[in-house]
Each structure stands twice: as C-alpha cells, then as structure tokens.
Amino acid sequence: MLDLKVIRRDPDAARTALARRGADDAAVLDRVLELDARRRELLPEIEGLRAEQNAANQAIGRAQKAAKDGTGSQGAADAAIAAMREVAARVKTLQQELNDVDDTLDATTKRLANLPHPDAPAQDTVVREVGDATIDGLGLRARAAADGGAPFTPAAEALDHLTIAGPDRVDMERGARLSGSRFAYLRGDLVFVEMALVQWALHKLRGHGHEAVVPPVLVREQALYGTGFLPDTEQQLYALPEDDLYLVGTSEVALASMHAGEILDAATLPRRYAGFSPCFRREAGAAGASDRGIFRVHQFDKVEMFCFVPPEDAEAEHQRLLGIEEEILGELGIPYRVVDIAVDDLGASAARKFDCEAWLPSQQTYRELTSTSNTTEHQARRLGIRIRDDRSDPPRRPEPLATLNGTAIAVGRTIIALLEHGLQDDGSVVMPPCLVPFGAPAVLPPAAA
RNA sequence: GGAGCGUUGGCCGAGUGGCUUAAGGCGCUCGCCUGCUAAGCGAGUUGGGGGUUUGAAGCUCCCUCGGGGGUUCGAAUCCCCCACGCUCCGCCA
C-alpha cells in the first residue's frame with residue numbers, strides 16, 4: 001500500500017512509477033485521489049459539528065443536574081436537547097457518507113501495487129552465471145571426493161529426476177490417485193534428503209541471525225491482503241470457505257503477519273526469521289505446462305527467509321538475502337544464474353526481485369529455484385507494522401518499516417537439482433557432503449529397475 | 001460441538017447513561033530537592049486523522065476503553081454481530 005500523503009503531494013511521480021508495471025493502475029490512482037479529496041471535505045464539517053455536540057452535551061448534563069437540585073429549570077435542558085437532535089441527525093448523515101468514502105478509499109488504495117525500484121529493469125536481466133552449465137556444474141562434489149568424500153564420477157548423459165529417483169522414491173501415480181494431478185508421494189531416501197536439507201538450512205540461517213519458525217499455514221483473508229497476495233493472486237489460492245481460511249502459498253504470509261499491528265522498537269531491528277512450512281498453490285492456468293514430476297506441484301515444503309528492517313537498510317538486506325541464496329546453491333553444488341526480474345513481472349508487493357535459476361541438465365535450461373523480493377514498506381503499511389526510534393531527536397512518529405523475503409530451500413526443486421547434478425554413470429547419486437551430517441545418505445542407490 | 005466468564009492507556013486496575021473529556025497505582029522521561037544512591041515534590045507519558053504551514057515545529061479540532069454496527073441530545077457503561085482469551089463438559093492425533 002502506498003502512502004496517501006506521498007501520493008497527494010506528488011501524484012505524477014507515483015503515476016509514472018506505476019505505469020512502468022504496465023497495469024491500469026493510473027485510473028485506480030486517480031480514483032484514490034478523488035476519494036481522498038472528498039474525505040478531506042467531509043472531515044472538517046463533521047468534526048466541527050462534533051465539537052458543537054461535545055460542548056452542548058456537557059451543558060445538558062449540568063443543566064439536568066441543576067434541575068434535579070432545584071437550582072435550575074428542566075426547561076433549559078429540554079430546549080438544548082431539542083436543538084441537538086437536529087445536529088445529531090446531520091452528523092449521522094455525514095458520518096454515513098464518510099464511512100462509505102473511507103471503505104471505498106481503503107479498498108481502492110489496497111488495489112495499488114508497490115512502486116517499483118527505479119533500477120528494476122524493463123526486461124529480465126541476467127546478473128551473473130555461477131558454475132558451468134554441465135552435469136556437475138560447480139565440480140564441488142568431485143572436489144569433495146578428492147578431499148576424502150564420496151568418490152564422484154559424473155554421468156555422461158543427463159537424466160530427469162523422475163528417471164533418476166524412480167517411482168519408488170517419487171511416486172506420482174499414487175499421488176495422483178490419492179489427490180489428483182500434481183501431487184506426489186516422496187518416499188524412502190528422499191525423505192531423509194528433505195529432512196537434511198531443511199535441518200542444514202535452518203542451522204545455517206540461525207548462524208546468519210534468522211530465528212527458526214514453524215508458522216500456521218491456514219490463515220485469514222486479512223493476512224493475504226496484508227501481504228499483497230489479495231487482491232492479485234486469488235486464482236492461485238486454496239480457500240476453505242466453510243471456515244473463512246486460506247492455505248498459504250508461502251510462509252511469507254504468516255511470517256510477515258507475525259508482527260502485524262505492532263510497533264517495534266528500532267533497537268530490536270533487524271528481525272530475521274526462517275520459516276519452514278508446506279506451501280499450497282492451485283497452479284490454475286499452469287495446466288498446459290509440461291513439467292514432469294515434482295517441479296510444479298500443488299503442495300511442497302519450503303524454508304523461507306523473512307526480514308523486518310528500517311527502510312533505509314532494505315536494499316542492503318535484499319543483497320544480503322540474495323547472498324545467502326547463492327551461498328546455499330554454491331554449497332549444494334548447483335550451477336545457477338541470478339536474474340534481475342522485469343518490472344512488469346514483479347508481484348504486487350515487490351519493488352524489486354531477484355531469482356536464482358538452477359541449470360537443469362535434463363532440460364538444458366535454467367529454471368527458477370529461489371527468489372528474493374524487496375517489498376519496501378508495502379506490506380508493513382498494509383499490515384500496520386511500524387518502527388519506533390526512541391533514539392531519534394526530535395522524536396518521530398512510528399513509521400512503517402521495510403520487509404523482505406527470500407527462498408532458502410524450495411525442497412522439491414532443490415531435490416530435482418541435486419538428483420540431476422549428483423548423477424553418476426551407474427545411476428547412483430552423490431549427495432553434497434554438507435548434507436550428510438544432517439542425515440542425508442552420502443550416495444543414493446540407483447533406481448530399482 | 002455445548003455452557004459460562006472475560007478484553008480499559010507501556011503495565012496493573014477502578015468504573016451499570018451526563019462535571020469520567022477514564023480514578024488510583026506501577027513503570028518510564030524531564031525538572032526540583034538531597035554528599036552519592038534511595039526517598040520526597042512537580043510536570044509529562046496511547047495511537048490515528050484533519051485544519052493552519054512550502055515542509056517541520058508550534059497551535060488547534062476530531063477520533064481512539066478488543067473490532068464493527070445500533071439505541072440516545074449524550075455510551076467504557078445498554079442492545080446486536082464478529083474476533084480473541086480463560087474455565088468446565090464433550091470429542092480428538
């Protein structure tokens with residue numbers, strides 16, 4: 001949500017910035033300005049009448065008391081009450097209109113997307129590529145083998161993850177039988193790979209100052225409006241209308257909402273979290289996509305980073321999150337590239353977004369594995385999260401802070417990349433050495449014939 | 001699922017229609033006083049939105065007793081809906 005005062009002062013700047021997103025936000029913006037103007041017409045009128053009421057009500061109270069004491073007449077009070085009746089009716093009418101204007105203004109303002117960062121590019125832009133686009137791109141597992149880890153001889157030919165894992169470990173057929181397409185059972189070894197990935201990531205993130213969180217995944221509509229997923233991505237959301245709850249598509253929703261309505265002491269910032277939760281996405285409209293296996297499913301587990309920082313620190317924090325994502329991919333030995341996402345492809349809340357795309361040998365292309373967004377004050381304003389700086393002089397009013405999110409581990413997709421990059425000629429898969437202490441097998445046996 | 005009781009300022013807590021425009025206390029901030037500290041005295045201490053202003057400060061008005069609506073000249077107080085919390089019963093991994 002944008003700051004009304006800022007829009008009011010310089011509507012053209014907001015208009016220009018929103019236009020870069022390519023949406024029809026200009027009309028919405030004009031509507032906001034119009035409603036804001038009407039609101040500021042109504043307010044002084046109502047407030048004047050209310051001041052009149054407040055004064056009269058005190059006088060009535062005194063007069064009635066005097067009448068009771070016998071020191072005054074009831075007539076004076078009755079006359080004042082009669083006079084106020086009219087004022088009360090007028091206030092009621094105006095108040096009704098003001099309420100309508102407020103409601104519409106609020107709903108309309110919430111439709112506006114965040115202002116994009118000036119540096120957000122017009123087209124997706126590759127920032128850098130790390131590792132070779134080959135089967136063991138970074139050569140990390142080969143190097144680890146030389147250091148005494150499991151020996152590793154990369155397969156000569158790439159295979160996709162379903163072939164490598166086999167139906168005993170990624171069971172799409174039974175998943176579909178149970179729940180429909182895009183659902184899978186993850187079984188056997190791969191469960192321990194998932195647990196190791198999660199444990200490893202949470203430990204790493206704790207070292208980076210992120211507190212581990214397992215959040216609720218069923219949330220009220222309010223949380224989705226607050227994080228900017230509504231109105232915007234309704235067709236992506238699973239809803240439970242019986243209970244007025246939604247399944248979250250990412251723990252970002254729950255993590256951002258953790259401090260909703262709070263005023264945080266500036267001295268306690270930054271606040272950094274690492275959420276672990278399942279994520280649910282309807283993937284409506286993705287029906288034609290030809291992804292095999294667990295690349296795009298309706299339910300997957302994810303470790304998500306989330307940060308609350310002072311607005312002036314947001315950009316540095318964004319780079320920090322990107323740095324952690326790259327560190328993770330690097331240690332897992334997954335070659336990747338960083339893409340600066342095009343301004344018209346940003347979510348409603350994001351001012352800027354970087355994706356890390358992993359090289360998938362079986363597809364001979366880069367695919368999105370992680371993503372980090374700087375949502376500036378957009379979510380904080382919608383969720384009512386503010387910062388109080390007791391150290392500032394003169395003291396300032398509480399102000400919105402900035403929030404940022406980033407994927408640490410999207411489990412399913414990470415497993416895909418690990419399988420493809422760890423594949424050896426005999427069909428076995430070498431796991432990154434960093435996961436082994438956390439319970440991953442050093443080597444996954446070949447899929448059963 | 002059923003029944004009951006609750007939600008007041010940073011915290012505790014009084015308050016059943018009108019000088020309560022929220023008592024009192026604690027905490028905190030500032031000042032005074034006091035060898036230091038403590039105590040004492042005084043003042044201040046929710047958040048939001050308007051007006052004035054280039055902006056800020058200042059001044060001023062309005063709103064804010066969990067949220068929303070209603071009754072009334074007037075609501076913390078009465079009525080309705082919702083959210084949340086606690087207790088008991090039932091059910092349950």
Side-chain angles (χ1 to χ4, degrees), chain A residues 1-11 13 32-33 35-69 71-107 109 214 216-226 241-246 257-268 377 380-401:
Chain A
M1 188 159 67
L2 306 179
D3 187 348
L4 265 182
K5 283 179 192 156
V6 170
I7 301 177
R8 203 185 286 151
R9 197 175 307 140
D10 192 355
V32 166
L33 289 168
L35 288 162
D36 178 54
R38 179 60 186 149
R39 175 169 179 275
R40 286 186 303 134
E41 274 171 17
L42 287 169
L43 269 178
E45 191 174 355
I46 290 177
E47 288 177 0
L49 291 172
R50 243 201 255 292
E52 195 182 326
Q53 277 184 307
N54 287 339
N57 290 339
Q58 278 183 73
I60 290 169
R62 277 193 300 270
Q64 286 198 329
K65 191 165 194 168
K68 209 176 272 179
D69 294 348
T71 55
S73 76
Q74 184 63 38
D78 290 345
I81 288 172
M84 277 302 106
R85 213 163 260 155
E86 199 177 313
V87 174
R90 176 106 183 99
V91 167
K92 194 170 177 178
T93 308
L94 289 171
Q95 185 67 51
Q96 187 56 55
E97 184 182 354
L98 179 64
N99 289 349
D100 290 346
V101 169
D102 272 340
D103 290 349
T104 314
L105 178 59
D106 184 60
T109 308
V214 175
V217 293
L218 285 169
V219 302
R220 293 214 179 89
E221 187 179 65
Q222 173 63 34
L224 292 159
Y225 273 97
E242 292 286 303
D243 297 284
D244 283 324
L245 291 169
Y246 293 81
S257 301
M258 216 160 80
H259 292 299
E262 296 182 19
I263 299 176
L264 302 177
D265 185 339
T268 68
E377 294 103 301
R381 201 168 269 122
R382 292 164 80 102
L383 288 166
I385 309 172
R386 287 169 296 168
I387 177 174
R388 188 204 306 280
D389 195 346
D390 288 332
R391 297 161 302 187
S392 64
D393 187 47
R396 284 180 299 176
R397 288 186 165 188
E399 292 169 351
L401 42 69

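So you know, we letter chains A, B, ... as the sequences are listed, proteins then strands, and number each from 1.
When all heavy atoms are compared, the tightest approach of A:V219 to A:P216 is CG1-O, 4.4 Å. Minimum heavy-atom separation, A:I385 to A:H259: CG1-O, 3.4 Å. When all heavy atoms are compared, the tightest approach of A:Y225 to A:R382 is O-NE, 2.6 Å. Minimum interatomic distance between A:L245 and A:R220 (heavy atoms only, all atoms of both residues): CD2-N, 3.9 Å.
Across the C1' atoms, B:rC65 and B:rA22 are found 8 Å apart, a figure rounded to whole Å. Comparing the C1' positions of B:rC12 and B:rA23 gives an interatomic distance of 14 Å, to the nearest angstrom. When the P atom is used for both B:rU64 and B:rG68, the distance is 9 Å, rounded to whole Å. The separation of B:rG1 from B:rG50, taken at their P atoms, amounts to 42 Å, rounded to a whole angstrom. Annotation: B:rG25 and B:rA14 have their P atoms spaced 15 Å apart (nearest Å). Spacing of P atoms, B:rA38 relative to B:rU29, comes out at 11 Å, to the nearest Å. Remark: the separation of the C1' atoms in B:rA39 and B:rG55 is 46 Å, to the nearest Å. Rounded to the nearest Å, the gap between the C1' atom of B:rC73 and that of B:rG13 is 32 Å.
Phosphate contact (OP1/OP2 of B:rG48, side-chain N/O of A:R386, threshold under 4.0 Å): present. Distances shown here put every side-chain N or O of A:R388 at or beyond 4.0 Å from the OP1 or OP2 atom of B:rG10. Here A:R50 does not reach the OP1 or OP2 of B:rG50: none of its side-chain N or O atoms lies under 4.0 Å away. Contact check, A:N57 against B:rA75: no side-chain N or O comes under 4.0 Å of OP1 or OP2. For B:rG51, the OP1/OP2 oxygens have a side-chain nitrogen or oxygen of A:R40 closer than 4.0 Å. Look at A:N54 and you won't find any side-chain N or O under 4.0 angstrom from OP1 or OP2 of B:rG74.
Rounded to an integer number of Å, the gap from A:I60 CD1 to B:rG17 C1' is 13 Å. In this structure, A:D243 atom CG and B:rG1 atom P are separated by 9 Å, rounded to whole Å. Taking atom CD of residue A:E47 and atom P of nucleotide B:rU52, one finds them 12 Å apart after rounding to whole Å. Distance A:L264 CG to B:rG10 P: 15 Å, rounded to the nearest Å. Counting to the nearest Å, the P atom of B:rG49 and the CD1 atom of A:I46 are 17 Å from each other. B:rU60 atom P lies 21 Å from atom CD of A:E52, rounded to whole Å. The nearest whole Å value for the distance from the CZ atom in A:R220 to the C1' atom in B:rG67 is 12 Å. Atoms CD (A:Q222) and C1' (B:rG68) sit 14 Å apart, rounded to a whole Å.
Base pairing analysis places B:rU7 opposite B:rA83; the two distances defining the Watson-Crick or G-U wobble pair are each below 3.5 Å. In this entry B:rG55 has no Watson-Crick or G-U wobble partner, no candidate having both defining distances under 3.5 Å. Across all strands shown, B:rG27 pairs with B:rU45; the Watson-Crick or G-U wobble distances both stay below 3.5 Å. As the counterpart of B:rA22, no nucleotide is assigned, since no Watson-Crick or G-U wobble pattern has both distances under 3.5 Å. Within the shown strands, B:rG40 is the pairing partner of B:rC32 under the Watson-Crick or G-U definition, both distances less than 3.5 Å. A 3.5 Å limit on both hydrogen-bonding distances identifies B:rC89 as the Watson-Crick or G-U partner of B:rG1.
When the nucleotides B:rC73, B:rG47, B:rG49 are ranked by their closest atom to the side chain of A:K5, B:rG49 comes out on top. Side-chain proximity of A:R85 to B:rG70, B:rC73, B:rC84: nearest is B:rC73. With distances taken from any side-chain atom of A:L43 to the nucleotides B:rG69, B:rG50, B:rG70, the minimum falls on B:rG50. Residue A:R39 places its side chain closer to B:rG49 than to any other of B:rC73, B:rG49, B:rG47. Minimum atom distance to the side chain of A:P398 is reached by B:rG47, of the listed B:rG70, B:rG47, B:rC73.
Of the candidates A:L35, A:V32, A:N99, A:L35 is the only one forming a side chain to side chain contact (heavy atoms under 4.5 Å, CB included) with A:T104.
Toward the 5' end of RNA chain B, the nearer of the two residues A:N99 and A:I263, judged by each one's closest nucleotide, is A:I263. Of the two residues near RNA chain B, A:Q96 and A:P44, the one whose nearest nucleotide lies more 5' is A:P44.
For A:N57 (side chain) and A:Q53 (main-chain N/O), a donor-acceptor pair under 3.5 Å exists by modelled atom type. No side-chain donor-acceptor contact under 3.5 Å links A:R39 to the backbone of A:D102.
If you check every strand for non-hydrogen atoms under 4.0 Å, A:R8 touches sugar and phosphate atoms only. Nucleic acid contact class of A:A88 (heavy atoms, under 4.0 Å, all strands): sugar-phosphate only. The residue A:D244 sits apart from the nucleic acid: no heavy atom pair falls under 4.0 Å. Residue contacts shown for A:A51 are limited to sugar-phosphate atoms, with no base heavy atom under 4.0 Å away.
Taking the charged nitrogens against the carboxylate oxygens, A:E47 and A:R50 have no contact shorter than 4.0 Å, which rules out a salt bridge.
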